[in-house]
Amino acid sequence: MVVQSQPALNHSSLIKTCKPTSLFTGIPVVDLSDPEAKSLIVKAFEEFGMFKLVNHGIPMEFITRLEVESLRFFNLPQPEKDKAGPPDPFGYGSKRIGPNGDVGWIEYILLNTNPDVMSHKSLSIFQQSPEIFRSAVNDYISAVKKMSCEVLELIADGLGLESRNMLSRLLRNEKSDSCFRLNHYPPCPELQALSGRNLIGFGEHTDPQIISVLRSNNTSGLQICLRDGTWVSVPPDRSSFFINVGDSLQVMTNGRFKSVKHRVLADYTNSRISMIYFGGPPLNEKIVPLPSLMAEGEESLYKEFTWWEYKKSAYKSRLGDYRLGPFEKTASQ
């Protein structure tokens, strides 16, 4: 790893630290080809808000090619990378996560998944090897989006929804507001001076969209918060995907599924690279509990809102804020 690929150490004192936790081996594993996948996914989402997907059908070649091209970009001298930033919110960012003061030991690329919506800063990312890098990104996103729709259709089957595409149509819609993120957590030798504590690469949060699809290299760092409030480390698996419930899906199931709170810790010897597809609905889509999932007499736990209204509210918040709070109904409502 070249020195230039590491975010500058200034302001590192602002980044929080925490103690590493033991590896948790209880994350449900679902085989996409398993005839029981639909019920296994629903059970995993009810209990953990996430699961590991294997036999997903995405060629390892797509994954490897994108990782190679991503590292090629992150290994560029800092001034070259900065030409694609600061993010607006798309483009290249380093250390600062969002506009509200959150920081982490991270550098990243955020892209809109719609190839027709490409900001100037996003185009700057592909300048070094435009055809190769952009092709790698597009091939990967296309494959992961298709897989995500398969997962959402299995969820619809497992929940007994009247239409199999009730959820997947939101991602397939040409106005789907989905995005794609490449995160790079450089090694941080200074961690050895932190007395057994790790720098936080990306602070605790939930994802606001419908689902998120995470893949990383074999460097650990991902932690999730279990239902009892315990933080545990998720063993990495470079050939599999981790599928998370987003806030929007929590609302659409009226709290039956709950979005999983997670964070990432930096490592002092190995770099971690992750790629996340965030499957979101069109901006004007109303986010409400699905009527077919509501029992007779069951009240909605949430006020009605559009994805744009929630997205706008979420971007005004800090990472660790409970962003669904303002959209929950009170007893008097």
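All residue numbers in this chain count up from 1 along the given sequence. Hydrogens, waters and symmetry mates are skipped; everything else that's a heavy atom, side chains included, is used.
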**Q** Rounded to the nearest 0.5 Å, what's the gap from OG1 on T206 to CG on L324? Could you check?
**A**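 The OG1 atom of T206 sits 6.5 Å away from the CG atom of L324.
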**Q** What heavy-atom pair brings R318 and N100 nearest, and what distance separates the two atoms?
**A**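 Heavy-atom minimum between the residues: CD-O, 2.8 Å.
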**Q** Taking ILVMFWY side chains as joined if any heavy atoms are under 4.5 angstrom apart, and letting links pass through other members, which residues group with V54?
**A**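 V29, listed by chain and number.
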**Q** Once side chain to side chain contact (heavy atoms under 4.5 Å, CB included) is applied, do any residues pair with K312, and if so which ones, sequence neighbours excluded?
**A**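 Here the qualifying residues are W308, K316.
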**Q** With sequence neighbours excluded, give me every ring-ring contact (aromatic ring centres under 6.0 Å, His included) pair touching residues 220-249.
**A**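 Sorted result for residues 220-249: H56-F241.
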**Q** Got a sec, which residues hit salt bridge (Lys or Arg N to Asp or Glu O under 4.0 Å) with D34, two or more places apart in sequence or on another chain?
**A**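 Result, salt bridge (Lys or Arg N to Asp or Glu O under 4.0 Å) vs D34: none returned.
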**Q** Side-chain heavy atoms under 4.5 angstrom apart, residues restricted to Ile, Leu, Val, Met, Phe, Trp, Tyr: same cluster for M60 and L32?
**A**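 M60 and L32: one cluster.
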**Q** Is there a donor-acceptor pair under 3.5 Å between the side chain of T253 and the backbone N or O of Q250?
**A**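 Yes: the side chain of T253 pairs with the backbone of Q250.
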**Q** Tell me, do N284 and K175 make a side-chain contact under 4.5 Å, heavy atoms counted?
**A**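 A side-chain contact is absent here, since even the closest heavy-atom pair is not under 4.5 Å.
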**Q** Indicate yes or no: at least one non-hydrogen side-chain atom of E46 is less than 4.5 angstrom from one of F257.
**A**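 A side-chain contact under 4.5 Å exists here.
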**Q** Taking side chain to side chain donor-acceptor pair (under 3.5 Å) as the definition, give me every residue that meets it alongside E162, ordered by chain and number, with sequence neighbours left out.
**A**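 Side chain to side chain donor-acceptor pair (under 3.5 Å) list for E162, sorted by chain: S292.
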**Q** Please give me the minimum heavy-atom distance between R256 and L293, naming the atom from each residue.
**A**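 Of all heavy-atom pairs spanning R256 and L293, the closest is NH1-CD2, 4.4 Å.
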**Q** Compile the donor-acceptor pairs under 3.5 Å between side chains in residues 146-157 and protein atoms, sequence neighbours left out, one pair per line.
**A**
residue : atom : partner : partner atom : Å
K146    : NZ   : E150    : OE2          : 3.3
S148    : OG   : V144    : O            : 2.7
E153    : OE1  : R164    : NH1          : 3.3
E153    : OE2  : S168    : OG           : 3.0
E153    : OE2  : R172    : NH1          : 2.7
E153    : OE2  : R172    : NH2          : 3.4
D157    : OD1  : R164    : NE           : 3.2
D157    : OD2  : R164    : NE           : 2.7
D157    : OD2  : R164    : NH2          : 3.1

**Q** Under the 4.5 Å side-chain heavy-atom rule for ILVMFWY, direct or indirect, which residues accompany L265?
**A**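 Taking Ile, Leu, Val, Met, Phe, Trp and Tyr as members, L265 shares its hydrophobic cluster with I200.
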**Q** Between the main-chain N or O of S33 and the side-chain N or O of N55, is there a donor-acceptor pair closer than 3.5 Å?
**A**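 Answer holds: no.
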**Q** Any donor and acceptor pair, going by atom type alone, linking the side chain of S317 with main-chain N or O of A314 inside 3.5 Å?
**A**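 Such a contact is found between S317 side chain and A314 backbone.
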**Q** Mind checking side chain to side chain contact (heavy atoms under 4.5 Å, CB included) for Y315 and listing every partner two or more places apart, or none if nothing turns up?
**A**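 Counting only residues at least two positions away or on another chain, Y315 forms a side chain to side chain contact (heavy atoms under 4.5 Å, CB included) with K311.
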**Q** Taking the side chain from T230 and the backbone from L226, do they hold a donor-acceptor pair closer than 3.5 Å?
**A**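 Between the backbone of L226 and the side chain of T230 there is no qualifying donor-acceptor contact (under 3.5 Å).
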**Q** With no hydrogens and no angle check, is any side-chain donor or acceptor of S248 less than 3.5 Å from a backbone partner on P208?
**A**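 Flag set: sc S248 to bb P208 pair under 3.5 Å.
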**Q** So H184 and L182, side chain to side chain contact (heavy atoms under 4.5 Å, CB included) or not? Walk me through it.
**A** CA-CA 7 Å; H184 179 230; L182 289 160; over 6 Å; no
**Q** Run the salt bridge (Lys or Arg N to Asp or Glu O under 4.0 Å) test on E299 and K329 for me, step by step, so that the C-alpha distance in whole Å, both residues' side-chain angles and the decisive distance to 0.1 Å come before the verdict.
**A** CA-CA 10 Å; E299 295 288 333; K329 284 186 175 181; 5.0 Å; no
**Q** Would you confirm whether S259, through its side chain, and D207, through its main-chain N or O, come within 3.5 Å as a donor-acceptor pair?
**A**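 No; judged by distance alone, with no hydrogens or angles, the pair does not exist.
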**Q** Among all residues two or more places apart in sequence or in another chain, which pass the salt bridge (Lys or Arg N to Asp or Glu O under 4.0 Å) test with R65?
**A**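 D139.
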**Q** Roughly how far apart are K261 NZ and I224 CD1, rounded to 0.5 Å?
**A**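 Result: 12.5 Å between the selected atoms.
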**Q** Give the other cluster members for M294, using side-chain heavy-atom distances under 4.5 Å between Ile, Leu, Val, Met, Phe, Trp and Tyr residues; answer none if it is isolated.
**A**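 Taking Ile, Leu, Val, Met, Phe, Trp and Tyr as members, M294 stands alone, with no cluster partners.
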**Q** Please answer: with hydrophobic residues joined when any side-chain heavy atoms are less than 4.5 Å apart, are V245 and Y322 in the same cluster?
**A**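 Per the 4.5 Å side-chain linkage, V245 and Y322 are co-clustered.
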**Q** Could you measure the distance from the CG atom of L53 to the CG atom of D237? Nearest 0.5 Å is fine.
**A**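 Answer rounded to 0.5 Å: 10.5 Å.
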**Q** Is there a continuous path of hydrophobic side-chain contacts, each under 4.5 Å between heavy atoms, that joins L283 to L170?
**A**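 Same cluster: L283 reaches L170 through Ile, Leu, Val, Met, Phe, Trp or Tyr contacts under 4.5 Å.
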**Q** For a side chain to side chain contact (heavy atoms under 4.5 Å, CB included) check, start with the C-alpha distance between H262 and E204, then their side-chain angles and the critical distance, and finish with the verdict.
**A** CA-CA 5 Å; H262 53 287; E204 63 182 72; over 6 Å; no
**Q** Step by step, work out the side chain to side chain contact (heavy atoms under 4.5 Å, CB included) result for I109 and F74.
**A** CA-CA 9 Å; I109 295 169; F74 289 126; 4.0 Å; yes
**Q** Tell me whether the centres of the aromatic rings in Y92 and F73 are closer together than 6.0 Å.
**A**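 Ring centroids of Y92 and F73 are less than 6.0 Å from each other.
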**Q** Would you compute the distance between atom OG of S239 and atom NZ of K52 and round it to the nearest 0.5 angstrom?
**A**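 Going from OG on S239 over to NZ on K52, the span is 7.5 Å.
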**Q** Locate the shortest heavy-atom distance separating Y108 from P87; write the atom from each residue and the value.
**A**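 Heavy atoms only, the tightest pair is OH-CG, 3.2 Å.
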**Q** Evaluate the side-chain proximity of L214 to S274: yes if any heavy-atom separation is below 4.5 Å, no if none is.
**A**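 Yes, their side chains come closer than 4.5 Å.
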**Q** Run F180 and Y140 through ring pair (Phe, Tyr, Trp, His ring centres under 6.0 Å) and show every step you take.
**A** CA-CA 10 Å; F180 181 61; Y140 181 89; 5.5 Å; yes
**Q** If you compare all heavy atoms of N217 against all heavy atoms of P236, which two are closest, and at what distance to 0.1 Å?
**A**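 Here N217 and P236 meet closest at O-CB, 3.7 Å.
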**Q** Keeping the roles fixed (side chain from D267, backbone from T269), state whether a donor-acceptor pair exists under 3.5 Å.
**A**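 Yes; judged by distance alone, with no hydrogens or angles, the pair exists.
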**Q** Apply side chain to side chain contact (heavy atoms under 4.5 Å, CB included) to the pair L222 and S216, showing each step before the final yes or no.
**A** CA-CA 9 Å; L222 175 65; S216 76; over 6 Å; no
**Q** Shortest non-hydrogen contact from A37 to V30?
**A**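 Of all heavy-atom pairs spanning A37 and V30, the closest is CB-CG1, 4.0 Å.
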**Q** So, for W105 and C188, which heavy atoms are closest and what is the spacing to 0.1 Å?
**A**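 Heavy atoms of W105 and C188 come nearest at NE1-CB, 3.6 Å.
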**Q** Quick check: does any side chain N or O of S176 sit under 3.5 Å from a backbone N or O of G280, one acting as donor and the other as acceptor?
**A**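 Side chain of S176 to backbone of G280, a donor-acceptor pair under 3.5 Å: yes, one is there.
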**Q** Output all residues satisfying salt bridge (Lys or Arg N to Asp or Glu O under 4.0 Å) with R272, sequence neighbours left out; order by chain, then residue number.
**A**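 For R272 there are no salt bridge (Lys or Arg N to Asp or Glu O under 4.0 Å) partners, ignoring immediate neighbours.
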**Q** Do V288 and M252 sit in the same hydrophobic cluster, where Ile, Leu, Val, Met, Phe, Trp and Tyr count as joined when their side-chain heavy atoms come under 4.5 Å apart?
**A**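 Cluster IDs for V288 and M252 differ.
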**Q** How would you list, by chain and number, every residue that makes a salt bridge (Lys or Arg N to Asp or Glu O under 4.0 Å) with R169, sequence neighbours excluded?
**A**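 Partners of R169 by the salt bridge (Lys or Arg N to Asp or Glu O under 4.0 Å) criterion, ordered by chain and then number, come out as E285.
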**Q** Measuring from S178:OG to L171:CG, what's the distance to the nearest 0.5 Å?
**A**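 Output value for this atom pair is 4.5 Å.
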**Q** Backbone N or O of R238 within a donor-acceptor pair of the N218 side chain at under 3.5 Å?
**A**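 Judged by distance alone, yes, a pair lies under 3.5 Å.
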**Q** When rounded to the nearest 0.5 angstrom, what is the spacing between OH in Y310 and CD in Q209?
**A**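 If I round to the nearest 0.5 Å, the distance is 9.5 Å.
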**Q** Under 3.5 Å, is there a donor-acceptor pair linking the side chains of E298 and N254?
**A**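 A donor-acceptor contact under 3.5 Å links the two side chains.
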**Q** Are L23 and M50 co-members of a hydrophobic cluster defined by side-chain heavy atoms under 4.5 Å apart?
**A**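 In one cluster: no.
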